[in-house]
Amino acid sequence: MSGGDIKLVGFLCNWCSYAGADMAGTSRMAQPAEMRIVRLPCTGRVNPLLVLKAFQEGADGVLVSGCHPGDCHYNEGNYYAHRRLELLSRMMAVYGIEPERFRYTWISASEGARWAETVTGFTETIRPLGRLNLAGGGARDDDHHQGPAAGSASPAEKR
Amino acid sequence: MRIGVFVCQCGTNIAATVSTERVASAAMALRDVVHAESIQYTCSDPGQRTVIAAAHKYALDRVVIAACSPRMHETTFQRTMAQAGINPFMMEMVNIREHCSWIHSDMEVATEKAIDLVSMGVAKVRGQTPLFSSHVPVVSEVLIIGGGVAGIQAALDIADAGMPVTLVERGPTIGGNMARLDKTFPTLDCSSCILTPRMVEVKHHENIRLMVNSEVEQVRGYIGNFEVDIRKKATCVDEEKCTGCQICEQKCPSEAPDEFNAGVGETKAISIAFPQAVPLVASLRKEYCRLYIKGKCGICKKVCPADAVDYEQEDELHTEKFGAIVVATGYELFDWRQAYPHYGGGLYPDVITSIQYERMLSASGPTGGHIQRPSDGAEPKEIVFLSCVGSRDESIGRPLCCKVGCMYIAKQAILTREHIPDSRTYVFYMDVRAGGKGYDEFYRRAQKEAGAVYLRGRVGKIYPRGGKLVVMGADTLVGENVEVEADLVVLATGIDAAAGAGSLAQRLNIPYDQYGFLSESHPKLRPVETTTGGIFLAGACQGPKDIPETVAQASAAAAKVIVLLSHDELETSPMIAEVNHMRCIGCFKCREVCPYHAIEEQGLRDGRRVAVVIESLCQGCGLCTVACPPSVISLRGYTDNQLIEEVTAVLR
Amino acid sequence: MNGIVDTIKNVLKETDLVLGWTTDPVTGVATPARFHDEKEAEQAVFDSTCAHNLAVHLPRLKDSRVGIVAKGCDARSVIELIIEHEVQREQLAVIGVGCGSLLDVKKIWRRYGYGVAIKDRDDSLLIGGEQVNRDEFIQRKCHGCLEADPDIYDVIAGEVTGEIPTDTVRPHPLHDMFVSLTPAERRSFWREQFSRCIRCYACREVCPMCFCRDVCIMQTQIPRWAGGAVDAKQSEMIQLIRVNHLAGRCTGCGECERACPVGIPLMLLLDEQNHAIEEMFAYGAGASLKARPPLLVFDVNKDIWGKG
Amino acid sequence: MVSTAYSYYPGCSLTSSATEYDISFRKVVEALGIQLDELEDWNCCGASPAPHHKAETLGVLLPGRNLHIAGASHDAIVAPCAGCYNRLKYAQYKLAGDQDIREQTSEVFQAEVRYQTEVLNIVQMLNREITPEALRERSQGRLANIRIGAYYGCLLTRPADILGFDSPRDPRKMRPLMEATGAEVPHFPFKTECCGSYMGLARKDILLKASHRIIEVAVSTGLDALVTACPLCHQNLDLRQEQINKAMGTSLRMPVLYFSQLIGLAMGISPEELELDALVVQPDMDRWLKGVA
């Protein structure tokens with residue numbers, strides 16, 4: 001992975017934010033290189049599980065971006081997405097993921113500069129947090145072997 | 001599985017910051033990739049030929065093209081695939097230009113990122129299956145809602161192209177607002193003289209079926225295949241038998257407000273809206289009829305020589321199929337009374353609206369073309385026009401411009417001088433917006449020839465004093481308050497969407513704005529389309545417009561309809577949702593979130609009720625896939641597994 | 001007892017079967033039962049060992065006219081199932097029972113031996129003849145009780161309990177500890193918890209809102225959200241799926257945590273989510289028949305577009 | 001019987017140039033059996049100059065202090081002067097919505113500022129204490145001989161989003177009680193027209209012109225009196241009516257009553273008790289009350 005140790009995933013809707021990211025490219029707006037963009041038809045297609053899966057598989061930050069309210073290509077997609085994503089962002093801390101690692105935003109096709117700023121800001125937020133290591137990194141098998149013994153000691157006792 | 005990866009150099013656009021050779025060789029290491037190469041300009045003819053040749057040579061069944069944005073060249077390469085004998089959807093584009101080479105300067109960093117992006121593309125295309133567009137048959141009949149000049153124009157254009165048209169009008173006659181106008185700007189030609197022949201043409205056109213007194217109740221279906229319930233309201237008059245002789249109207253003892261004449265004068269409970277009405281058929285309004293109020297009358301039935309009056313008549317419900325719908329519901333004038341208490345709020349009889357004035361100007365109007373003060377019937381000498389009443393007024397929450405007010409004030413000022421040569425007219429205006437052909441000249445004519453005094457400023461108050469109306473305003477050019485003593489004040493009221501436009505939009509599933517104006521799909525490039533396929537807009541239902549614009553848009557909508565219906569079948573996008581019926585639990589959460597009502601319930605042979613996607617309605621947003629608890633709806637081209645693989649590929 | 005037998009007999013006149021409880025002859029505590037006729041109904045009981053949420057059976061009895069004995073918490077599930085069209089209100093007869101909190105039989109058994117005699121009468125709990133502090137042995141889920149009496153019923157058996165005093169509502173026993181953890185500590189906390197998961201799916205099986213049953217995505221390849229390996233990562237994904245799928249639907253009945261054989265504090269996750277939903281949408285699943293599930297609707301005017 | 005206790009903020013006008021407003025208001029309130037507690041140690045509301053002072057907060061601090069004092073003992077404060085009412089509402093609005101100002105104010109007061117006391121003008125308060133039906137019952141058509149018009153001026157309704165009292169263009173809240181007096185209340189188009197306000201100090205010509213028109217339209221509307229709830233309007237329309245006539249060369253006569261005086265008359269309180277003789281333009285009380293026992 002290039003551009004530092006962290007890995008960022010962006011889920012972008014095809015009509016607004018992906019086009020906004022294109023616009024940033026066409027305008028040659030320099031951006032950090034950690035972001036990997038996945039194109040989707042709509043933020044309404046973003047399953048919260050997909051975000052969580054990305055964290056589990058090693059993402060250190062996930063950004064979802066779609067059309068501004070009222071601008072959705074599918075009229076209503078981002079309204080539903082907003083509710084789903086807002087709930088997800090409130091649950092991040094419960095899952096043990098720093099809430100800053102997840103962000104959703106609305107960027108239109110004409111807001112290339114805004115996309116570049118968003119990526120830059122987001123990357124700079126995550127860099128100091130470092131790797132997430134949600135699933136225990138490469139220690140998948142270790143987890144398995146630790147078994148009940150590790151779990152039986154309650155965290156409260158450990159503290 | 002045999003995947004080919006083509007890494008475009010895009011001249012130096014990509015190659016200057018991304019080592020395309022290294023990307024290609026890294027791609028070779030990815031699972032199922034059997035060929036990878038770097039091409040100078042992949043989108044060029046030679047570039048595409050290289051791809052096609054490699055596809056044949058390596059027997060490729062899937063292709064990844066790492067180049068520019070898919071928004072740029074996805075269709076180009078889908079066509080290349082077709083030429084190479086590969087299903088066009090078995091190709092994935094990876095954006096290493098806009099999202100990589102153009103935004104990074106470090107070759108190492110950009111190359112590594114490009115490799116990541118290619119591995120994501122390969123992972124995604126591995127889960128891709130061939131997709132095929134399907135075809136749905138198209139019903140060739142067209143529904144037009146609204147019989148104003150927009151509906152008339154669209155109906156005639158489409159009917160002339162040979163397609164059957166049903167024109168549904170809510171009122172008793174077609175003609176709409178234009179039929180109420182006396183003259184039209186800037187040519188001052190008679191409105192009726194140009195409109196009524198078109199109305200008659202509609203009536204007699206073999207491809208047009210006219211349904212007046214009718215409203216669209218429900219719309220089901222989708223582009224090419226709408227199913228519409230139309231209610232034809234009972235009018236107590238048999239349309240076939242009525243000859244339009246108007247004897248019933250003459251004998252009817254029940255007075256009723258005259259809506260066509262905007263309340264200037266009265267008409268009867270059974271009446272014909274105006275002499276040139278099409279169809280020329282009487283209709284009875286029960287709410288004003290003595291028979292229905294007092295239970296005793298029946299005169300109209302007795303006097304009708306054609307035996308056309310039928311008190312037992314009932315509403316008829318028609319269900320028809322249409323391939324396309326044109327909405328032409330037009331506008332109505334803003335009801336100023338609540339918003340402008342300082343203009344008397346309707347208390348002063350001699351403060352009237354411009355359409356009421358227009359009816360007075362009309363020779364066939366209720367005053368026979370004589371301008372009269374409503375309070376005493378006297379001929380007014382000092383007449384004040386107020387522009388922008390309910391337009392461009394932030395203080396009452398209506399910032400929109402009515403677009404026609406400036407011009408029709410100029411017209412009415414000119415006509416006033418013709419009707420009453422010794423009259424004096426004053427116009428309070430905000431700006432004069434005269435941006436059409438001959439428009440500016442026309443408004444100057446009002447000043448020069450008709451002697452209209454233009455005062456730039458809003459009117460703050462109107463109040464009665466000694467039989468006259470004092471109009472208090474400001475002349476902002478001079479910077480002084482102005483008071484005009486008027487005999488008659490004419491308000492150029494703003495334009496609203498027709499009553500009920502919003503609820504109709506909901507039935508049609510098309511968006512509309514806070515004023516009830518229906519929203520076009522794109523303000524520049526798709527001005528007559530809506531976001532729902534097969535439904536088009538014409539005229540002022542989309543926003544304030546003058547007659548030429550309305551007619552132009554109506555013809556444009558007609559052209560779009562003709563293009564659509566010139567095919568027997570419609571090709572639908574295959575990138576849509578699909579339900580795995582075997583595993584659907586029938587919870588129908590998908591149906592609740594679908595913006596297009598594209599999901600319907602279907603019974604299976606084993607008795608289970610499952611969700612089914614109506615392919616021609618689905619637009620492929622994927623909302624349903626997330627709402628589906630067992631994830632048995634997949635969005636073709638963006639399946640859960642494809643996205644999981646794409647994400648996992650880069651994080652490994 | 002409490003007129004439950006007579007009530008069920010009455011309801012059976014208009015239904016095909018009634019879901020209720022009977023006493024297990026071996027252990028002497030309540031176990032779920034289906035009553036089809038008057039004779040079977042003679043065996044019906046309702047006492048403080050009737051912990052199970054019987055609503056879990058309803059989605060699979062769509063074709064029958066069903067009677068169900070429901071406590072306050074169970075009734076919330078019934079309401080939510082009606083909202084989601086999994087149960088037809090007309091097909092259903094709800095026998096409401098007032099509940100004054102339930103006993104954690106497993107805990108008693110662990111302490112005093114399997115099958116020990118339990119006598120729970122008006123504020124005195126006798127275990128094997130010995131009087132003990134009842135508070136110590138009530139179900140974890142009763143601490144967060146939202147509803148002692150059902151909000152939906154056709155007939156009430158016995159007496160209602162009345163409003164729950166708010167001071168008795170306690171958060172999850174681990175809540176205070178959990179909220180004091182940093183995100184990184186929470187990560188290890190969950191990793192440890194889920195490393196004990198044996199993938200028995202009991203949490204899913206007892207959940208009335210998990211009605212996908214054999215098509216549940218926890219176990220499918222298409223899509224492949226979770227892998228088959230029994231390890232902390234995959235088990236965590238399974239719970240993430242559950243939590244996500246229960247967003248705005250979990251009525252907080254606590255059955256998943258009660259059923260978990262290895263004692264994973266699943267309600268920590270769901271309580272937090274329910275709280276967030278309550279905050280965002282002023283919505284509590286199963287609180288009202290008229291409500292619309294908050295993630296299946298939106299409100300252009302009220303939804304706040306703060307972020308972005 | 002004491003129904004509600006209001007904190008009463010008279011302000012400067014009601015203790016000097018408009019004592020008849022104060023007296024008539026107290027009389028009406030007394031007749032309604034309402035307890036009125038004059039605000040202890042009240043200070044200037046800030047009037048017109050304070051909000052324009054360089055120190056922006058002055059316009060909040062002055063009325064804010066009155067609110068703060070009232071808040072300690074009362075749920076609602078009534079300010080019959082439209083200007084005072086306006087300033088109190090403004091302070092409340094700023095204190096509720098602007099954290100900076102709230103903190104600054106609290107710092108000055110050396111206590112967490114209390115600003116949530118309900119602020120009422122006289123029309124609001126009387127509408128709350130007596131229904132039109134009840135007033136009609138009490139008045140028995142006492143004022144049936146006259147035609148009156150409400151004159152709202154500006155401070156009572158503007159800015160509407162801060163005051164939230166009545167429409168700034170077409171206020172109607174005085175009408176139900178006015179009609180209950182038995183009087184005829186025709187449409188008066190100048191009910192919100194500017195009276196000239198405090199221009200009397202700098203540009204009296206503007207004021208005289210503005211007030212003249214109000215009187216003129218009142219006369220041409222056929223009114224017997226105007227009714228107002230603002231001491232400044234009253235001063236311009238009543239006190240200056242002779243000056244107006246002189247300057248404009250007219251001989252108009254239009255009595256201008258305070259809202260409280262009108263309600264008092266309807267309730268059967270004597271004109272003397274309501275200090276009607278303090279008006280410059282005297283109403284013809286004999287005609288007004290003709291036939292009234």
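So you know, we letter chains A, B, ... as the sequences are listed, proteins then strands, and number each from 1.
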Peer 1: In Å and rounded to the nearest 0.5 Å, what is the NZ to CG distance from K7(A) to L651(B)?
Peer 2: 5.5 Å
Peer 1: Relative to chain A, which of M575(B), R97(B), M120(B), M72(B) shows the most heavy atom pairs under 4.5 Å?
Peer 2: M120(B)
Peer 1: Counting only non-hydrogen atoms closer than 4.5 Å, does V593(B) touch chain A with its backbone (N, CA, C, O), its side chain (CB onward), both, or neither?
Peer 2: both
Peer 1: Run the salt-bridge test on D640(B) and R45(A) with the 4.0 Å N-O cut-off and return the result as yes or no.
Peer 2: yes
Peer 1: Is V9(A) in contact with chain B via its backbone, its side chain, both, or neither, using a 4.5 Å heavy-atom distance?
Peer 2: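 Contact with chain B: side chain only.
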Peer 1: Under a 4.5 Å heavy-atom cut-off, does chain B meet the side chain of F11(A), its backbone, both or neither?
Peer 2: side chain
Peer 1: Which residue out of T625(B), I115(B), L117(B), N13(B) racks up the most heavy-atom pairs below 4.5 Å with chain A?
Peer 2: T625(B)
Peer 1: Do you know the tightest heavy-atom contact between G77(A) and L623(B)?
Peer 2: CA-CD1, 3.7 Å
Peer 1: How many angstroms lie between CZ in R71(B) and CG in D22(A), if you round to the nearest 0.5 Å?
Peer 2: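 CG of D22(A) is found 6.5 Å from CZ of R71(B).
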Peer 1: Do the rings of Y74(A) and Y596(B) sit parallel, tilted or perpendicular, given the 30° and 60° boundaries?
Peer 2: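 Rings of Y74(A) and Y596(B): perpendicular, over 60°.
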Peer 1: Let's go through K113(B) and E34(A) carefully: what are the C-alpha distance in whole Å and the side-chain angles of both, what is the deciding distance for side chain to side chain contact (heavy atoms under 4.5 Å, CB included) to 0.1 Å, and is it a yes or a no?
Peer 2: CA-CA 8 Å; K113(B) 177 168 172 179; E34(A) 288 89 336; over 6 Å; no
Peer 1: Between R39(A) and E646(B), is there a side-chain N and carboxylate O pair less than 4.0 Å apart?
Peer 2: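 Judged by the 4.0 Å cut-off on N to carboxylate O distance, R39(A) and E646(B) do not form a salt bridge.
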Peer 1: Only pairs of heavy atoms separated by less than 4.5 Å count here; which of D60(A), I37(A), N75(A) has the most with chain B?
Peer 2: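 Counting heavy-atom pairs under 4.5 Å, the top option is I37(A).
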Peer 1: Report the option among P70(B), S105(B), S631(B) that has the most heavy-atom pairs separated by less than 4.5 Å from atoms of chain A.
Peer 2: P70(B)
Peer 1: Side chain, backbone, both or neither: which part of A19(A) has a heavy atom under 4.5 Å from chain B?
Peer 2: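 Both backbone and side chain of A19(A) come within 4.5 Å of chain B.
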Peer 1: Of the non-hydrogen atoms in I103(B) and G25(A), which two are nearest, and what is the gap between them?
Peer 2: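 Looking at all heavy atoms of both residues, the closest pair is CG2-CA, 3.6 Å.
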Peer 1: Knowing that exactly one of L49(A), N47(A), T43(A) qualifies, which makes a side chain to side chain contact (heavy atoms under 4.5 Å, CB included) with V626(B)?
Peer 2: N47(A)
Peer 1: Which atom pair, heavy atoms only, marks the closest approach of A627(B) to R84(A)?
Peer 2: N-NH2, 3.9 Å
Peer 1: As an exercise, state the distance from CD of E57(A) to CD1 of I644(B), rounded to the nearest 0.5 Å.
Peer 2: 9.0 Å
Peer 1: Between CE of M35(A) and CG of D116(B), what distance do you get to the nearest 0.5 Å?
Peer 2: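 It is 13.0 Å, given to the nearest 0.5 Å.
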Peer 1: Quick one: pull up CH2 in W115(A) and NE2 in H99(B) and give me the separation to the nearest 0.5 Å.
Peer 2: 7.5 Å
Peer 1: Residues in ring-ring contact (aromatic ring centres under 6.0 Å, His included) with F536(B), at least two apart?
Peer 2: none
Peer 1: Can you tell which of G622(B), C624(B), C621(B) has the highest number of heavy-atom pairs within less than 4.5 Å of chain A?
Peer 2: C621(B)
Peer 1: Carefully, step by step, assess S27(A) and W102(B) under the rule side chain to side chain contact (heavy atoms under 4.5 Å, CB included).
Peer 2: CA-CA 8 Å; S27(A) 318; W102(B) 275 352; over 6 Å; no
Peer 1: Name the region of V46(A), side chain, backbone, both or neither, that has any atom closer than 4.5 Å to a heavy atom of chain B.
Peer 2: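 The backbone, not the side chain.
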Peer 1: Apply the test side chain to side chain contact (heavy atoms under 4.5 Å, CB included) to residues L40(A) and L643(B): give CA-CA distance (whole Å), side-chain angles for both, the deciding distance (0.1 Å), then the verdict.
Peer 2: CA-CA 9 Å; L40(A) 294 164; L643(B) 296 174; 3.4 Å; yes
Peer 1: Counting heavy atoms not belonging to R28(A), are there more than 12 under 6.0 Å from its CZ?
Peer 2: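 Atom CZ in R28(A) is packed in, count exceeds 12.
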Peer 1: To the nearest 0.5 angstrom, please state how far the CG atom of N14(A) sits from the OH atom of Y638(B).
Peer 2: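 If I round to the nearest 0.5 Å, the distance is 5.5 Å.
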Peer 1: Side chains of Y80(A) and P595(B), heavy atoms from C-beta outward: is any pair under 4.5 Å?
Peer 2: no
Peer 1: Using a 3.5 Å distance criterion without hydrogens, assess whether the side chain of H104(B) forms a donor-acceptor pair with backbone atoms of Q31(A).
Peer 2: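 Yes; at least one donor-acceptor contact below 3.5 Å.
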Peer 1: Which atoms of Q642(B) come close to chain A, meaning under 4.5 Å heavy atom to heavy atom: side chain ones, backbone ones, both, or neither?
Peer 2: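 Looking at Q642(B), nothing touches chain A.
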Peer 1: Please rank A54(A), C72(A), A24(A) by heavy-atom pairs under 4.5 Å with chain B and give me the top one.
Peer 2: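 So the answer, after comparing A54(A), C72(A), A24(A), is A54(A).
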